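In what follows, a single structure is set out as structure tokens and then discussed.
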Amino acid sequence: MDIINDCKGFWGLLIFGNIENLILASQGATAHVDSVILLILSLICVVIWLALGVYGTKIAIKYADEIEILGGVAIIILGIQSMLSAIGIL
């Protein structure tokens with residue numbers, strides 16, 4: 001139960017991180033990337049994200065607000081890029 005309380009500041013980032021994974025998967029699908037390669041790369045990113053979360057939480061907890069803002073900005077940028085590439089502008 002301590003880990004749940006320790007990660008309380010990162011719940012928004014965890015939710016937005018999942019949305020970011022969906023956006024990246026959408027970009028891969030619209031770019032006609034091989035689904036197996038996309039799966040493997042996604043799993044690698046999830047494992048890296050999990051390792052960073054497990055080992056970096058103690059260090060990064062004091063920067064939770066800044067990290068959440070950066071994650072939100074990244075999601076917005078990736079979402080705009082995905083939409084623009086889906087309609088053929090990029």
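Owing to the predicted nature of the structure, the values given are computational and were not obtained by experimental measurement. Every heavy atom of this structure was used, including side-chain atoms; hydrogens, water molecules and symmetry mates were not.
Here the CG atom belonging to Leu39 is positioned 9.5 Å from the CD1 atom belonging to Ile44, to the nearest 0.5 angstrom. Here the NZ-CD1 distance, from Lys62 to Ile67, works out to 10.5 Å after rounding to the nearest 0.5 Å.
Qualifying side chain to side chain contact (heavy atoms under 4.5 Å, CB included) partners for Ile37, counting only residues two or more places apart in sequence or in other chains: Asp34, Leu41.
In the hydrophobic clustering of ILVMFWY residues, with side-chain heavy atoms under 4.5 Å counting as a link, Ile80 and Ile89 come out together.
Put simply, the residue from Ile76, Ile75, Ile77 that forms a side chain to side chain contact (heavy atoms under 4.5 Å, CB included) with Val73 is Ile77.
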